[in-house]
Structures are given as structure tokens and as C-alpha cells.
Amino acid sequence: MMETTPRRRAPTADDLRRRPMRHLNERLIELALAACATVSLVTTVAIVFVLFSETATFFQEVSFQDFFLETEWQPLFNPVSFGIWELVAGTVNVVIWSLVFALPVGLAAAIYLSEYAHPNTRRILKPVLEALAGVPTVVYAYFALTVVTQDILIPLAGEDDAIFGDRISFFNSLGASLMLAVMILPTIASISEDAMANVPRDLREAAYGLGATRLEVATRVVLPAALSGVVAAVLLAIARVVGETMIVAIAAGSTPNLTLSPLESIQTMTGYMLQVGLGDAARGTVDYQSLFAVGAVLFVMTLALNIGAQVLVNRFREVYE
Amino acid sequence: MAVERAAAPLATLAASGAVARRQAVSRGSRYVLLGATLIGVAVLLFLGYETVDQGWSRLSIDFLTNYPSRFADRAGLRSSILGTVWVLSLTIVLAIPVAIGTAIWMEEFAPRNKLLALVQLNLANLAGVPSIIYGILGLAVFVRFLDLGPSILAGALTLTLMILPMTVIASQEAIRQVPSSIREGALALGSTRWQMVRYHVLPGAMPGIMTALILAISRAAGETAALIMIGAFTFIAFDNTSVQDDFTTVPVQIYNWTIRPQEAFRQNAAAAIIVLMVAILTMNLAAAIIRERFRRP
Amino acid sequence: MTKTVEVAREVEGRLTATETLPATERISRPAETPIIEVEHFSAYYGAFRALHDVSFQIPERKITALIGPSGCGKSTLLRCINRMNDLVPSFRREGKMLYHGLDLYAKEVDAVEVRRRIGMVFQKPNPFPKSIAENIVFGPRVNGMKFNTAELVERALRQAALWDDVKDKLKQSGLTLSGGQQQRLCIARALATQPEIILMDEPCSALDPVATLKIEDLMRDLARDYTIVIVTHNMQQAARVADYTAFLMMRPDRAGELVEFGETEQVFTQPRDKRTEDYITGRFG
């Protein structure tokens, strides 16, 4: 049954020819795999199409000027007004305040992990820190409202409900921003640490050779050299804050408000979108369409932030790899 | 400076003066920086403690098996746990073939050209799209246009699209870890490309792909905003039996209880958070174990 | 080893090379039937030309060595014989590569069919991270051959002189074997698909001297039934095992070209080209 010696017969041209069935089989598999890959392309096309077609109908009802030049966002009560800036201000508000907390802490953590920590310490600490990114944001939202605002900020404000003389409202940007800061801490720390770890050794050694201390090497040599990576980390963190919904919807309030104060109740773009999603806005109403108009602005913002981060990361790789 | 230098005994190399000050600052900085690194962890532990403190007393078999209720002490997670299991199972079923197929095509079959670069760039950008955008995509396309309603199927399709980019990117990474000598060995024996992938690349990359999938599913398990957008914020007092059913999930239930003003519902939320976090930590632990177990020597 | 010393002495004794051979005289045709005929073969990676107009014939059931300094295109040439270079996206070639008179690069020829007839063993042993038996069975299985697993595994392992070492641990991973054993497993794996030709790309470069000698003995045994083409940077190895030797070198434009092809004895003792002589007497490379 089995040949005991290798093939003796010289092959004919037919032997080397493609087996049609096997070839077809292989092609079909390849086609199926390629079809899988188109899903992601179709998703993008669908997102863009849905956002912009609904937005286009929205702008038949609401003028461009009202959307971009009015400052009041009041879609539910007469007189209705769709000025996006109050929502944008809400988003910018939480971006600023979350960065105020997360940036110094995140950078310090990145410097510690990259320049100070023993490799074993880093191997343990880094995943633990990254675990913060795996906590569902609704959980952070719960903490922001109950623990941060209710148990800490309000008692801190005391009788007159004020911090530094300003009245704090129950739903406020500060509580949300503190939890957003925890949420983006791993993004800033981990990506900055990667960038710093990629700074060539000889740069550090040169600085040590000139008598610099560890802290000076870290802050004056490594950090500037890794700057584009750090900026990329910050852009990605901002994109996460801009896109985050649950924390701001639960803890920051639902009052469109043109303010950067951390103590007032505000509403972000995502907060508004969730509010509409909770109600049952009928298709074709201006409420339903405003959802997509705000979504489109949100999409463009996060896309720009992500692309900016990618460009910086690529530039960083070009320089050092 | 000159005076200081003269004052230092030349026989020692001990730092003095400005150098000593700089060194002291630098040494001190270690503890400040370590402190900053541990802040996140400390916050996590503190919040964990607060949650357990708040919710522990509410945890019981009844809490897991009761339907939601107007009365906080009778309300439970039954329908939201079932809904979570249904929607995640369907998401896994949908995401596995598409994610692995995409990753294989990109790494093993696709011609190295502009189209591939576009697909890659597109994936990177999709991974950064906020989940609420996936939510309104699901609302417009699956719930309204395809008329699936706020069903488990619509939820799973939405979550699948949401986790696809991160799963594909991590799977590609796993596939790249398979050494090219294995691929050459297989092809040199007269295997077709698919046979090579099927028998060697996929088995080699499987631990990495499973890790990626578990992490993605754990993210989907905590997703709230996208599911609220497609209509999962609803009162369900029956057991799901089909993918066309309306549904709710544990995170949506947590949201529901968190926004109630009554303290008793907050406790329910804390208890539900314990349940959700145990599930998510278990998934993360499983992913970590798989990764360590199959780590290449 | 002694043979090498003899060869080296002889080389010193009678050097008769002329300066540079004209292209038409660089090859002496083998007396045996050729199984592979290389005709005016050039290979490119993108704009870079890796091989320049190579022509010679590889005789059936003999060992042919491809030698030359690194970068001379000997591995490229080897990988063109079973179309492994098709996997490099920028690869392109001109000229013909005939196998039993059939052009391997003809449009209707399937590279997969080519590879199951022309097996390959690589520089670094690359057993699959599976059991020894599964390593052997993979080729025949994907090629749709009918076989009895136990018989097939035993025969392939015996042919590769590995049976006695591993017969009790066929279910163990191939990666648990020593480097030399791994390489013999790779040879056994290639033999299991019953190829006619086995290409070996510096198969001993990652092995110690003892393992190297074992593989060389094995090659001599296999040459009774198989055609073997081996790329080696080790001239002594070529002198020890090869019946025929092709010497390649880099041209000034960095493309590899065939300098001389002939019986090993002749190439090593009476090189006809000055460059071959310089190379084998160690004056460069």
C-alpha cells in the first residue's frame, strides 16, 4: 500500500498544475476572510453615513448659525434653542479638571515606573495601574456621585454648601472630573512610560556623566526626549474623557451651562446624548436628529484627537527606532 | 561656589553643598513619585472598600434571583444577569469569527498595499470611537433601520462592532508572534496558505487571541452607554428566551439604581457593582493566566 | 576531516586556474541526467537584482553544493528551486527553472505542487511546536496522501537516522529534542512527503560539529534515493559531501552570478576560474 522508496515517476505537466478544487477552496476561504475585514470598513462608512445624514436633516430644521453661534442649548422648552457651545463647554470643563488631577499624577507615575522602579516592581505595578482602565465607567460614575460628591465634597462644603466661597451643587463637574482622572490615569501613565522607556540609554548616560541626579535626568532629559509620546498619551486621554458618557451623565448633572467652574452643574455632549437616548425620541423629531448632530461633533473631535495622537506616536517611533 | 568647594574635605567623595542638596531632592523625589504611582491603586482600594461596605449586606441569593422591583429590598438582578449572559454570549459568537477572520486576512493573506494600510488605519481610529457613538449607530441601523427593536440581537451586534477593533488589533499582535520559520516550514512541506494558518499559525496564536477576546468581552460586560442608547434601559420582569427579546444588563441596572434618590437603591447599586466587578476581575484573571501559561520561552 | 586536509594540500599543489572564465565555459555539464535545469535565471527583489543570469544543471540523485561568500545569492537561488521566494512580495525573476523539463515558473504551475515534490530544510531547525509524530504526519496529511501513521512515522524517522533516538517518545514535543535531533526531525518531516529533491539551506550552521557530521553522513545515505541541493558557507562541508559544486559570487553591482560549476573534486583541486581559486584557498570571503 505504501511506497517504500521515493517517487520514481517523473512528473508530467499535469502533476504540477493547480488542483482546481483545492484552488477554489483556498480562494473561497480567502474571500471569506477578506469579507470579515470589510466589516470594519463598513462600520466606519455606516457611522459616517448615519451621523451625517441625520445631521443634514437636523440642519434643515435648525440653521447652521443657530447651532454654531447661539450659546444656549435648550432643546426641550420653548423657545427652543440649539447652540452647541454650552455642551462643548461642559465637555471642555471636565477635560480641563480631569487633566488638572490626572496629568501631574500620571506623569509622576510614568517617571517613577520608567526611571526609578526596579524592573520587578514595574512588572507588578504597571498591570495594577492598567487595571484601572478595566473598571466599567458606570462603576466610576457610582463612586463619583455617592462617594466623591455625597460623602466627601458636600460634607467638605459644610453648612453653607460652599468650597472656597463658591456654592457647590449636588451634581457638579468636580466629582465627575475626579473619577474621570482616575479613569485616564492608566492611559497617561502607561503610554508616557512606554515613550520614556524608549528613550535611548546613551542619552541618560550622557546626562549622568555630566553629574546630573536621577530626578534631573528624568525631568530634564528623558521627559523632553519623550515629549511627543507624552503629548500623544494626553491626547488619547482627552479623547477618552470627551467620549466618556456614564460618569458625566450621572455625576455632572444635566444642566447645559456655559462655565468652566468645577462646582456647578453642567451637561456634556455625551451627557445630552444619553439623556435623549433615555427618553424615547421618535424618529424624525428634531430631538432625535439633534442626537446625531451632537454625535457628529463628538465624532469629529475624538477622531481628530486620535489621529493627532497617532501622528505623534509615529513621529516618535521614527526618531528613536 | 569657590568657598564651598574649598570647605569640602578633598579626601572624601561625599557630596556636599549644592550637590548634596540636589541629591537629597532627587532621593526624596523617589518617594513622592512612588506615592503618585500608588494614588490610583489607593483610590481603587478605597472605592472597593466603600462598595463592599455599602453593598455587602444586600448580597444574597434572593438579590441574584429576584426580578427588579419598585421596592429596593425586593429588587434583584435576575433579569439583568440573564440579559448580560445572553447578550455577551451572542457577542462572543458574532465577534470570534469576524475578529479572527479579519486578523488572519490582514496578517496572512492581504497584499501589502495601500488598501491594507487603510484597513489598519481605520481599525486604529475605530478603536478610539466613543462607545456612545456605537450606541447611536446601533440605534439608527439595528434598532430602527433593520427593525430589530431594542433586542438582545441588536445589543449584541452593537457590542460586536464596538469590541471588534481592539480584538482585531490584539489578535494581529498574537499572530505576529508566531515565528515565520514555522510558516516557512509548513509551506515548504507543500501546505497551502490556509492549511498553514489552520494547523500552525492559529494554534500558535490562540492563547494571545483568547486573551484579547476575554479582555474585550470584559469591556463589553461593563458597557452601559451604548446599550442605553439602543434601549436596554427598561424594566424586564421575565426570563429572556430568545435573541428577539427586550433585555437589560447589570451595568444598566447599576445605572438605574444609582440615579434613584433613595439610599436603599444606592445599596442595591453597590451590591450589583460587587457582582459585576467579581465577574470582570475573574475574566481579567483568566486572561492573565492564559497569557502567563502560554508565554513563549 | 582527513579528506579536507588532502584536498587543501592538493589545491596548493596544482593550481591551474586561468583568470576569468568566459560565461559559456563556466559550467561543465554533469554526466548524469539533470533533474533541474537552470537557464539564464535572474532574480530580483524590487529594483535590486539578486541573481544575474545563472545557468547550470543539477544532476539527479547526487548532492550538489552551492558555495560562495555571503550575499552571493546562493540562498536566493536555492529558494527559487521550490518557489519559496514567491512569498516575498517584491520578488520577480527572469529565465527558466526546469524540473524534469517542465518550467517551474510556468503560469499554470502551482507552487504548492512544486513544494511537495521539492522539500526544504532550513538553516535553523524549525520543528512545529507539536509532537514528533505530528511533525512527520503534517506533510502527508496536507498533501492528501493515504498512509498508516505508525508505518509512516517509523519509516521517515529511520530514513533520517532518528528512529533509535526517539522511538519511545513519539508523543513528546519536537522542541524537546537537541538541535541536531531537531534538524534530523525536519529532514524526516521533509522525507515523509516523498519528495524527489531536498533543498538544504545551511542545515548545519546552527549545530555543533558532532551533530554536523551526523547530518552529513545522513545526506550521503539519502543521496542514493534523493537529489540533494545544499547551500553551505563551509567549504570543507561542500568538499566532504557534495558530488557537484557551484561557486557563486557577487558582481560589482552586488548581483550574484555563477562563477563555476563542476564536479566537486575538479572545482576544489583544479578550479578553472581565478576567483574560485582565490576563494577556496582562502584569499577572500
Side-chain angles (χ1 to χ4, degrees), chain B residues 100 103-121 171-211 289-297, chain C residues 46 78-79 81-90 110-130 134-145 156 173-176 182-183 185-195 197-201 206:
Chain B
I100 299 181
I104 290 176
W105 183 77
M106 293 179 71
E107 290 302 313
E108 306 291 342
F109 286 87
R112 308 273 133 196
N113 57 19
K114 289 259 167 61
L115 174 70
L116 182 66
L118 177 75
V119 175
Q120 190 76 63
L121 181 74
S171 301
Q172 284 181 284
E173 197 56 49
I175 290 173
R176 270 185 232 129
Q177 299 290 317
V178 177
S180 60
S181 64
I182 297 291
R183 293 185 177 79
E184 288 197 323
L187 291 174
L189 289 171
S191 73
T192 63
R193 212 166 254 275
W194 171 244
Q195 285 167 333
M196 168 194 91
V197 169
R198 159 91 179 67
Y199 292 107
H200 297 293
V201 177
L202 267 186
M206 213 25 109
I209 295 176
M210 288 324 288
T211 306
I289 288 171
I290 292 177
R291 189 166 39 202
E292 287 301 311
R293 186 101 179 249
F294 291 91
R295 173 174 276 176
R296 237 158 244 292
Chain C
L78 189 78
R79 296 165 73 91
I81 300 175
N82 70 340
R83 293 190 51 178
M84 282 303 276
N85 272 332
D86 289 20
L87 306 173
V88 180
S90 63
D110 189 358
V112 172
E113 290 296 329
V114 172
R115 290 182 201 131
R116 43 182 296 199
R117 289 177 165 75
I118 306 179
M120 188 163 203
V121 175
F122 297 85
Q123 190 166 358
K124 251 185 80 192
N126 60 346
F128 302 128
K130 300 184 182 235
E134 280 175 279
N135 264 281
I136 303 288
V137 170
F138 176 71
R141 190 173 57 194
V142 297
N143 287 315
M145 291 161 64
S173 164
L175 293 172
T176 58
Q182 287 191 10
Q183 196 60 301
L185 175 60
C186 291
I187 293 173
R189 185 174 79 179
L191 294 174
T193 59
Q194 303 182 345
I197 305 178
I198 301 169
L199 309 176
M200 298 189 174
D201 191 354

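Keep in mind the model is a prediction, meaning the values are calculated, not measured. A, B, ... follow the sequence lines: proteins, then strands. Residue 1 opens every chain.
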**Study point:** Engaged part of B/Arg193 at the chain C interface, taking heavy atoms whose separation is under 4.5 Å
**Key:** side chain

Exercise for review: Would you name the heavy atoms of C/Pro129 and C/Ser173 that are closest together and state the gap between them?
Suggested key: C-OG, 4.4 Å

Exercise for review: Heavy-atom distances under 4.5 Å only: say whether B/Pro203 touches chain C with side chain, backbone, both or neither.
Suggested key: side chain

Check your understanding: When heavy-atom pairs shorter than 4.5 Å are enumerated against chain B, which of C/Lys130, C/Met120, C/Glu134 gives the highest number?
Key -> C/Lys130

**Study point:** Plane angle bin for B/Phe109 and B/Trp194 - parallel if under 30°, tilted between 30 and 60°, otherwise perpendicular
**Key:** tilted

Review point. Got a donor-acceptor contact below 3.5 angstrom from the C/Gln182 side chain to the C/Leu175 backbone?
Key: yes

Review point. For C/Leu199, is it the side chain, the backbone, both, or neither that has a heavy atom closer than 4.5 Å to a heavy atom of chain B?
Key: neither

Revision key, fill the gap. Under 4.5 Å to a heavy atom of chain B? For C/Phe128 that would be both

Exercise for review: Tell me, for C/Pro127 versus chain B, whether the close heavy atoms (under 4.5 Å) come from the side chain, the backbone, both or neither.
Suggested key: backbone

Exercise for review: Could you look at C/Arg141 and say if it's the side chain, the backbone, both or neither that has a heavy atom under 4.5 Å from chain B?
Suggested key: side chain

Review point. Any donor and acceptor pair, going by atom type alone, linking the side chain of B/Ser191 with main-chain N or O of C/Val142 inside 3.5 Å?
Key: no

**Study point:** Worked verdict on B/Glu184 versus C/Arg79 for salt bridge (Lys or Arg N to Asp or Glu O under 4.0 Å)
**Key:** CA-CA 11 Å; B/Glu184 288 197 323; C/Arg79 296 165 73 91; 2.3 Å; yes

Review point. Side chain, backbone, both or neither: which part of C/Lys124 has an atom under 4.5 Å from a heavy atom of chain B?
Key: neither

Practice item. Any chance you could measure C/Cys186, atom SG, to C/Asn126, atom CG, to the nearest 0.5 Å? Key: 4.5 Å

